[in-house]
Amino acid sequence: MGHQATGAAAGLPPHVLIFPLPLHGHVNSMLKLAELLCLSHLHVTMLLSDHNHRRHADVESHFSQYSGFRIATISDGLPDDHPRVGQRSLDILTSLMRVGGEEFRRLMEATDALSGGGSRRRVSCVIMDGVLSFAVPVAKEIGIPIIYFRTVSACAFWANYSFKEVVEAGEVPLKGKDEDKYSYGSKPELDLLVTSVPGMEGYLRRRDLPGFCRVSDVNDAIFSMIATETRQTSLVDGLILNTFEDLEGPILDQIRKPIPTLYSIGPLHAHLQARLETDKKNRSLPAISLWEEDHACMAWLDTQPARSVLYVSFGSITLLSKKELLELWYGLVNSGQRFLWAMRPDSIVEGDGESFVVPAELEEGTKARGHMAGWVPQNKVLMHSSLAAFFTHSGWNSTLESITVGIPMICWPYFADQTINSRFVSEIWKIGLDMKDTCDRAIVERMVRDVMEVRKDEFFERARRTAELVKKAINEGGSSYANWNRLIEFLKSTIL
Ligand code: UDP
């Protein structure tokens, strides 16, 4: 079985199989990649988990405009009623690692290998979420190239790649036995600079390492898996990252040493939008939502003064305890600033025994200056003229979306790559503040005032300049634009 065109397949475009880890943030950015490929007239099969597919009914309708796009499904191996949020979202990774390999092999070795009965060639290249290495031996045996796509920042990728050295240097584990999450705040040893991640020696503290390092044992299953999976990247035919040279150039140069074939093509949502506009299709970005969007917040934003509102959202996975909820909420109300809080229906930890009655002063403060919403159209919110800043968990999609529209951030990272993203936001790009390892109303209040009032112009100006760099990267002549064209050339060469 090779990938060369034979018989009926001759003349058909390359056929790319895209397989994201079935978590919203991963699926979200890889769908942008899929649409960019469709715009370049390639055939695409998107492999989603059954669970994901059921929740993303809008994917099919959005992509119906592209005849070369198709969805295939695979089981993630978890029962339907598994929550798939908070720390337990990582069960998806361990489960897929267990069951995904076999299913993937069956799919790829099937007689038509997703060829759609002659209307498309067999899969000619796999673009795989770079934490699912079981695809590598299958692709190699079949003789088709495999490229990794990592949905995280370059800085997070590079720190993950260096976990082996971080362990050797004794800079992890970060956690003592039985310590709780907020013990990190009071540990001065976590402020020591990390020496084992090349290029980050001057500014990366131990507490900024990816959240996977917050374990008491380096043999922890997830930590080891991330370390091993990331290291495998040098075995594949290339790496795609959703970032751009002017943002993370020095780190991308470090990554190029072991992984020379690197395509930095981000921010993907903005890149896609730019290509849609040039294509004169003028469509708006796909609204791929987990929940029904709450549009009432847009009407509320319309009634607020320019550059006055803090948007609060902690993404699609973060869970808040009732104590955290109260501290954050008091901090916001006490800051005296306007805010829009997008709170996912399943984002508060249930069943911890505490009953929760919203204190009257929070009700009043929210009524006076705030608006509570469910799942919102985040990109539209961030683009609204009344927006002044974003209180975020530093998920990479959210970070890029904020950077693209020049909105400064207050970062309250929850886990995974978020702890390092927030360090880059505050210390390297200087477009916000990092609140990691604390959850205290007085600190929230101070940071909100800092970003929204005291240092507002300074943050705003730097964020505006960073947003200019995004425009430069994704438009003709820019680095992401050129790297995308280089990737398409490679994909076309796989069928020659
Ligand atoms: N998002 C949204 N509405 C919301 C909250 C989040 O559309 O109310 C989107 C947001 O625009 C982003 C994604 O969900 O694209 C969250 O991804 P991110 O990488 O920031 O965090 P994750 O959810 O993976 O932790």
Side-chain angles (χ1 to χ4, degrees), residues 20-33 35 52 55-56 58-59 62 83-90 92-93 129 131 149-153 155-157 210-212 241-243 266-273 284-298 300-301 311-320 339-347 371-384 387 390-405 407 409-422 424-425 432:
L21 182 71
L23 277 172
H24 179 70
H26 291 240
V27 174
N28 197 20
S29 57
M30 286 176 91
L31 280 170
K32 309 270 172 0
L33 176 78
E35 187 161 1
N52 246 216
R55 293 199 68 184
H56 286 306
D58 46 355
V59 174
H62 176 81
R84 295 171 171 83
V85 289
Q87 292 290 342
R88 295 198 62 197
S89 58
L90 295 172
I92 295 182
L93 177 58
D129 199 314
V131 287
F149 180 103
R150 282 299 286 263
T151 55
V152 295
S153 53
C155 60
F157 173 84
F212 305 114
L241 285 175
N242 186 10
T243 188
L268 271 172
H269 71 292
H271 197 161
L272 172 59
Q273 187 67 54
S284 57
L285 278 175
I288 307 295
S289 277
L290 285 176
W291 289 269
E292 204 176 322
E293 283 178 353
D294 180 343
H295 288 277
C297 67
M298 299 308 293
W300 182 80
L301 285 175
Y311 167 54
V312 186
S313 165
F314 305 121
S316 65
I317 295 174
T318 306
L319 284 179
L320 298 180
F339 64 91
L340 163 66
W341 192 339
M343 206 182 281
R344 259 181 19 247
D346 62 347
S347 62
H371 182 86
M372 299 305 249
W375 184 261
V376 305
Q378 181 162 299
N379 268 303
K380 286 194 188 139
V381 167
L382 285 170
M383 275 190 280
H384 198 280
L387 250 267
F390 184 6
F391 192 3
T392 169
H393 70 310
S394 299
W396 188 234
N397 291 302
S398 295
T399 306
L400 283 177
E401 288 161 12
S402 205
I403 284 177
T404 299
V405 289
I407 293 292
M409 285 166 264
I410 301 170
C411 304
W412 189 60
Y414 178 67
F415 76 164
D417 55 320
Q418 299 154 15
T419 41
I420 186 163
N421 296 342
S422 63
F424 272 69
V425 166

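Whatever order the structure lists them in is the order used to number ligands and atoms, beginning at 1.
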Strictly under 4.0 Å, does any heavy atom of E293 approach an atom of ligand 1?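 Judged by the 4.0 Å heavy-atom criterion, E293 does not count as contacting ligand 1.
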Does N28 come within less than 4.0 Å of ligand 1, judged by its heavy atoms?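 Yes, that is the case, since the closest heavy atom of the residue is under 4.0 Å from the ligand.
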Are side-chain heavy atoms of [X] and [Y] found at a separation under 4.5 Å?
X	Y	value
L319	Y414	yes
C297	V381	yes
T243	F157	no
F149	N242	yes

Please work out which of [options] has its closest non-hydrogen atom nearest to [atom].
atom	options	value
atom 15 (O) of ligand 1	Q378, E401, Q418, H269	E401
atom 6 (C) of ligand 1	F314, W375, Y311	W375
atom 22 (P) of ligand 1	H393, M343, K380	H393

Does any N or O of ligand 1 fall below 3.5 Å from an N or O anywhere on V376, backbone included?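 Yes: some nitrogen or oxygen of V376 is under 3.5 Å from one in ligand 1.
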Using a strict 4.0 Å cut-off to heavy atoms of [X], name the atoms of ligand 1 that fall inside it.
X	value
G315	23 (O)
G25	24 (O)
G395	18 (P), 19 (O), 20 (O), 21 (O)
S313	5 (C)

For residues [X] and [Y], report the shortest heavy-atom separation together with the two atoms involved.
X	Y	result
V27	P22	CG2-CA, 4.0 Å
T151	W396	O-CD1, 3.3 Å
N421	G395	ND2-C, 4.2 Å

Tell me which part of [X] gets within contact of ligand 1: side chain, backbone, both or neither, using heavy atoms under 4.0 Å.
X	result
W396	backbone
H24	side chain
H26	neither
R344	neither
S398	both

Using ring-ring contact (aromatic ring centres under 6.0 Å, His included) as the criterion, point out the one residue from W412, W341, F314 that pairs with F391.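 Filter result, single survivor: F314.
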Ring-plane angle category for H24 and W375, please: parallel below 30°, perpendicular beyond 60°, tilted otherwise. perpendicular
For the atom pair CG (L387) and CG (L340), what is the distance rounded to the nearest 0.5 Å?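 The distance works out to 7.5 Å.
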